[in-house]
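Computation of the quantities below employed the complete heavy-atom set of this structure, encompassing side-chain atoms and omitting hydrogens, waters and symmetry-equivalent molecules.
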2 protein chains.
Amino acid sequence: MPHQSALTRKLLTFVALSDLDIETLARFFQRRRSFLAGHEMIYQGEKDASAFILASGWAYSYKLLASGERQIVDFQVPGDFLGLRSILFRTSDHNIEAITRIEASEVLASDILDAFSHAPRLATAILWAASRDEAMVVEHLVNLGRRSAEERVAHLFLELGTRLKLVGLDDENGFDCPLTQYHLADALGLSAVHVNRVLRNLREDGLVTFQKARVVFHDFEGLKALSGFDTGYLDQDGPLLR
Amino acid sequence: MPHQSALTRKLLTFVALSDLDIETLARFFQRRRSFLAGHEMIYQGEKDASAFILASGWAYSYKLLASGERQIVDFQVPGDFLGLRSILFRTSDHNIEAITRIEASEVLASDILDAFSHAPRLATAILWAASRDEAMVVEHLVNLGRRSAEERVAHLFLELGTRLKLVGLDDENGFDCPLTQYHLADALGLSAVHVNRVLRNLREDGLVTFQKARVVFHDFEGLKALSGFDTGYLDQDGPLLR
DNA sequence: CGAGCATTTGAGTCCACTCAATAGTGGTGG
DNA sequence: CCACCACTATTGAGTGGACTCAAATGCTCG
């Protein structure tokens, strides 16, 4: 089952799993589902939602305001666990929509709760995965609160590049990226028009280009310096439980 | 042990705990500590940090940027669990500083990991608590990304009021609040000068006052309408595990 | 090959910023 | 006990980054 390798590998870097843990985890990959681009996989107010493990494709999680505005919280790429919070809360407090066509495994609330009863190391690994997600949200908060538009865009591209590299979906100088400028705007607290201008600046400064659904880094170090990007919140220190 | 009631009560609304769970949880309250105002309880880069359960006083968690700017992620009030993410990651990715004098219980990494091995329902409850924290961070993200300065301030006061009410630290028309305008600014992605102007506007519009370390609501419904505040992300639906 | 979406650019506006200066407040020590 | 110092709050003036509105161009896919 090659599609489960990304998540499993991530978890193994954190906790050494027993045979029982591995077996329990394997059950998470039983229910294969696919979704069309634009499909709402999870929606605000949904009761007893499922979670999913992304095998291929991109999604994004977001909240809608009364005004109709949208704030994107995070993007999900292959290997990511999505909707965990929707399981822990009886009713989901956010939406998740497929950006591209998606292949995923559906994980039921009962799968998770069983894992907690019978596979404590796996449970620890899941809590760790949730904490890592929270660390990403925190970094996005810093991005919105204290960085300029140029810095925000640069930071987002570097984060996505790093995350995709971890699952082998990057290449020498960049990565394929199905986002629109509206996605970037709603993730970064900017208007789409301004995102467009910022992209032009970054391109003209020889830092990155984002065109034709591809991000290409031209000056990786320059981008890091500009945005203050530090991989700390994505990196691992080696297993907590051996 | 009256100081443990707030957290324990919160957890019990989510998961019915067994006697063993309760006993394990009780161990979290063994190591009583106190800290002076301004003390750094947890700092970025700290290895093998402890977590804490706040008995009294306020703290705030934040990240520092290379530029020296500060982004406050959340405020912690009595009953809150703080530093959980510092335990799951070997090295802490954020700082937590005491705002007032603090009484707290220190929770070691081993306490948490033991709980995961031996008390699965408690483990589930801890994951739920972590998810609730993440939901708050997400709401702060929405605040920064898509709300105006007036809306942000109003939203923060409503959230703090609601959280304090849950632990009985509010009163008829407001709550005691040890924050400075600099704290508000760094939590809301604004300058302290602008926060001051916004507070004047809200006061002159008869909505809230924030003076002399006290927040007083004058038009609760008006504030809610202004900020689009919805308690959903703080509320509970009743126990997931019975 | 049009229809709908996405991108790009211009013009003008405004929200929140910075810099600067003045009060108020509380704690400390001589 | 009061003088002082550091911190916090307040207000004014001027600036600028990001916004909105508007229009033109490009792209893709049914």
Does anything in residues 62-76 of chain B come within less than 4.0 Å of DNA chain C? Heavy atoms only, and list the residues if so.
none
Within residues 178-189 of chain A, the residues having a heavy atom closer than 4.0 Å to DNA chain C are A:T180, A:Q181, A:Y182
Rounded to the nearest 0.5 Å, what separation is found between the [atom1] atom of [X] and the [atom2] atom of [Y]?
X	Y	atom1	atom2	answer
A:I87	A:S50	CD1	OG	6.5 Å
B:N173	B:R214	CG	CZ	5.5 Å
B:W58	B:I102	CH2	CD1	11.0 Å

A:E106 with A:R32: basic N within carboxylate O range, under 4.0 Å
no
Given atom [atom1] of [X] and atom [atom2] of [N], what is their separation to the nearest angstrom?
X	N	atom1	atom2	answer
A:L190	D:dT20	CG	P	11 Å
B:E151	C:dC15	CD	P	12 Å
B:H194	D:dG17	NE2	C1'	14 Å
A:R147	D:dA18	CZ	C1'	18 Å
A:R146	D:dG17	CZ	C1'	15 Å

Ignoring hydrogens and geometry beyond distance, is a side-chain donor-acceptor pair present between A:T209 and A:Q211 at under 3.5 Å?
no
Just checking, any donor-acceptor pair under 3.5 angstrom between side chains of A:N201 and A:E150?
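Distance-only check passes for A:N201 and A:E150.
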In residues 195-213 of chain A, what residues come within less than 4.0 Å of DNA chain D, judged by heavy atoms?
A:R197
Do [X] side-chain atoms and [Y] backbone N/O form a donor-acceptor pair below 3.5 Å?
X	Y	answer
A:Q71	A:A187	yes
B:R31	B:S105	no
A:D230	A:G232	yes

Given D:dA18, is OP1 or OP2 found less than 4.0 Å from the side-chain N or O atoms of A:S191?
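Looking at the OP1 and OP2 atoms of D:dA18, neither is under 4.0 Å from any side-chain N or O of A:S191.
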Residues that A:E159 engages under side-chain hydrogen bond (donor to acceptor under 3.5 Å, both in side chains), provided they are two or more places apart
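Partners of A:E159 under the side-chain hydrogen bond (donor to acceptor under 3.5 Å, both in side chains) test: A:H140, A:R163, A:Y233.
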Between B:C177 and B:V215, what is the shortest heavy-atom contact and its length?
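Residues B:C177 and B:V215, closest heavy atoms: CB-CG2, 3.9 Å.
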B:R200 and B:D205: salt bridge (Lys or Arg N to Asp or Glu O under 4.0 Å), yes or no, with the steps?
CA-CA 8 Å; B:R200 173 154 54 111; B:D205 291 347; over 6 Å; no
Work out how much the helix from C:dC1-D:dG30 to C:dG30-D:dC1 bends between its end axes, five pairs an end, to the nearest 10 degrees.
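End axes: 40° apart.
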ring-ring contact (aromatic ring centres under 6.0 Å, His included): which pairs involve residues 188-207 of chain B, sequence neighbours left out?
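Sorted result for residues 188-207 of chain B: empty, none.
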Closest-nucleotide ordering on DNA chain D, the 5'-leading residue of B:V193 and A:E150:
B:V193
